[in-house]
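First up is the structure itself, then whatever we jot down about it.
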Amino acid sequence: MIRIDRKMTGAALPTVLVVSVFMLILVLAALTYLSMDMQLYAGWHRERQQRMDLFSALKICCCDSTVFDEDSVSLFLFSEVPVNVYRQGWGFYEIMTASSGPYLISRLVGAASDSYTHAAFWLCDRNRALSLAGDTRIDGIVHIPLNGINYMEYGEDKFIGDRLMENKLRIAGKELPAVLKDGFVIPEDEVNMHVHANDSILMLSGNAIVDGEDIVLSSRSSVHDILVNARKVTVSSGFRGSLQIMCSDTVIVKHGAVLEYPSGIYIRSNNGFPYVELQDGCCMAGYVIVEGAAEDFSLSHPCYMQSSSASLSGLLYADGSCNLEGDVSGAVYVKDCFHIMGSSTYPGVLHDAHISRNDTIAYPLFMDAPYRRKAIKKLH
């Protein structure tokens, strides 16, 4: 029989203790790492949730106007930390800012719809028919006078456009649809920079308001998302930028100029003769709104002129007579229209106009419409 000696020498005990302590340290380190990882994940998740709360709060405020107390609201969504939302008028758009703790997002927003009518073209009833001539095409709902619609030919100038479908026709009233009373908003607080200028070269971007009498924007100007308040503004050929213009007299956009989205022109005249002109090859994206025009029965003082090679994407609202040609993608509301051929003026005529309803853009907050906001762009 073999006898095994199970006794251990005293020198082995420290080794066992060292190994045990080392193993315990490894286990503790693993547990600490796991705990830190969970804390980091929890922190990342809280941050992500707070950021998502900001987007959710903006979505709610874009869909429901009743959440606001004046121009601000605090919302409790999915955490105990409130989300504060503040809105501020910026021309005919709004700036919505949501903040929670150290996080903040800001968006420029407009209206999801122009008005309750959702028209492609609206012509007020002036006791005569709407006449289409040349290559005129209208895609969408058309509100026409009670006298109906004609398709005109001028000698050899045949009508080559599209005839309107009867199910797209509606009867227009004698006045344009209702508008909001707030009007064009120029903020008067410390975050905005006021610049008094009649110079032609401007280098401005965001939160800037330019005041002047007769302002000329040259092709060397660099402006983005600013407001311009003047009596008269001329946008020179070669200009490219985005701005909202408020005038009391005249705006001329010269040939080839580009006013990028979201831009706008608003004229409210006190003398009865407001005037906006889009010349050959210019592009305007946003809105053109003309108010305060005197009755122009003789069609000698149009409030809006658009060349056949110019284009407008957005809203055209003109409470006066218009000589409208070229492309419009959005919605058109005009008091009266006419066409000039040679020495003759033809009332109630659209000639070589291409008008199509566009529901993908954000409209200005001008006409009475269902409350729903649509984001235009991020703001820093």
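Only heavy atoms go into these numbers, but all of them, side chains included; no hydrogens, no water, no symmetry mates.
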Do the side chain of [X] and the main chain of [Y] share a donor and acceptor less than 3.5 angstrom apart?
X      : Y      : value
Asn271 : Phe273 : yes
Asp135 : Asp352 : no
Glu325 : Gln306 : no
Asp296 : Ser300 : yes
Thr250 : Lys232 : no

Open item on the list: Would you call the rings of Phe159 and Tyr151 parallel, tilted or perpendicular, taking 30° and 60° as the class edges?
Closed with: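 Tilted: the ring planes of Phe159 and Tyr151 meet at 30° to 60°.
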Open item on the list: Closer than 4.0 angstrom, basic N to acidic O: yes or no for Asp139 and Arg137?
Closed with: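 Result for this pair is no, no salt bridge flagged.
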Open item on the list: Pair Tyr333, Ser115 - check side chain to side chain donor-acceptor pair (under 3.5 Å), show working.
Closed with: CA-CA 10 Å; Tyr333 298 84; Ser115 73; 2.8 Å; yes
Heavy-atom distance under 4.5 Å between the side chains of [X] and [Y], does that happen here?
X      : Y      : answer
Tyr261 : Ser242 : no
Met367 : Tyr116 : no
Arg372 : Ser113 : no
Asp125 : Asn127 : yes
Leu132 : Leu164 : yes
Lys254 : Thr234 : yes
Ile252 : Gln279 : yes
His351 : Met341 : yes

TODO: Check the pair Trp122 / Arg170 against side-chain contact (heavy atoms from CB on, under 4.5 Å), numbers first and verdict last.
DONE: CA-CA 9 Å; Trp122 173 296; Arg170 307 288 187 273; over 6 Å; no
Would you say [X] and [Y] are hydrophobically clustered, going by side-chain heavy atoms of ILVMFWY under 4.5 Å?
X      : Y      : result
Leu54  : Leu75  : yes
Leu104 : Met96  : no
Leu379 : Ile209 : yes
Leu108 : Leu315 : yes
Val109 : Leu365 : no

Between [atom1] on residue [X] and [atom2] on residue [Y], distance to nearest 0.5 Å:
X      : Y      : atom1 : atom2 : answer
Thr136 : Arg163 : OG1   : CZ    : 12.5 Å
Leu58  : Arg107 : CG    : CZ    : 7.0 Å
Asp336 : Cys322 : CG    : SG    : 8.0 Å
Lys374 : Cys63  : NZ    : SG    : 11.5 Å
Cys337 : Leu123 : SG    : CG    : 4.5 Å
Tyr287 : Leu316 : OH    : CG    : 13.0 Å

[X] versus [Y], closest heavy-atom pair with distance:
X      : Y      : value
Ala318 : Cys303 : CB-SG, 3.8 Å
Lys377 : Asp225 : NZ-OD2, 2.7 Å
Ala119 : Ala331 : O-CB, 3.4 Å
Gly241 : Ser263 : O-OG, 3.8 Å
His143 : Ile171 : ND1-O, 4.1 Å
Cys61  : Tyr371 : O-OH, 2.7 Å

TODO: For side-chain contact (heavy atoms from CB on, under 4.5 Å), just list the numbers for Tyr304 and Val334, CA-CA rounded to whole Å, side-chain angles, deciding distance to a tenth of an Å, and then say yes or no.
DONE: CA-CA 9 Å; Tyr304 182 73; Val334 297; over 6 Å; no
TODO: For Lys174, look at atom NZ and say whether over 12 heavy atoms of other residues, nucleotides or ligands are found less than 6.0 Å away.
DONE: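 It does: Lys174 NZ has more than 12 such atoms within range.
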Open item on the list: What verdict does the side-chain contact (heavy atoms from CB on, under 4.5 Å) test give for Leu217 and Leu243, after you've listed the backbone C-alpha separation in whole Å, the side-chain angles of each residue and the deciding distance to 0.1 Å?
Closed with: CA-CA 11 Å; Leu217 297 172; Leu243 70 160; 3.5 Å; yes
Open item on the list: On the six-membered ring of Phe68, is Arg87 placed so that its NZ or CZ lies under 6.0 angstrom from the centre and within 45° of the ring axis?
Closed with: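 Here Arg87 passes the 6.0 Å and 45° test against Phe68.
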Task: Derivation of the side-chain contact (heavy atoms from CB on, under 4.5 Å) call for Ile60 and Val73 - done: CA-CA 11 Å; Ile60 292 172; Val73 64; over 6 Å; no
Open item on the list: Less than 3.5 Å apart, any donor N or O on the side chain of Glu277 or Tyr275 sitting next to an acceptor on the other?
Closed with: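 Distance-only check passes for Glu277 and Tyr275.
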- [ ] Examine Phe92 together with Tyr266 and report whether their ring centres are nearer than 6.0 Å.
- [x]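 Here the rings of Tyr266 and Phe92 have centres that are less than 6.0 Å from each other.
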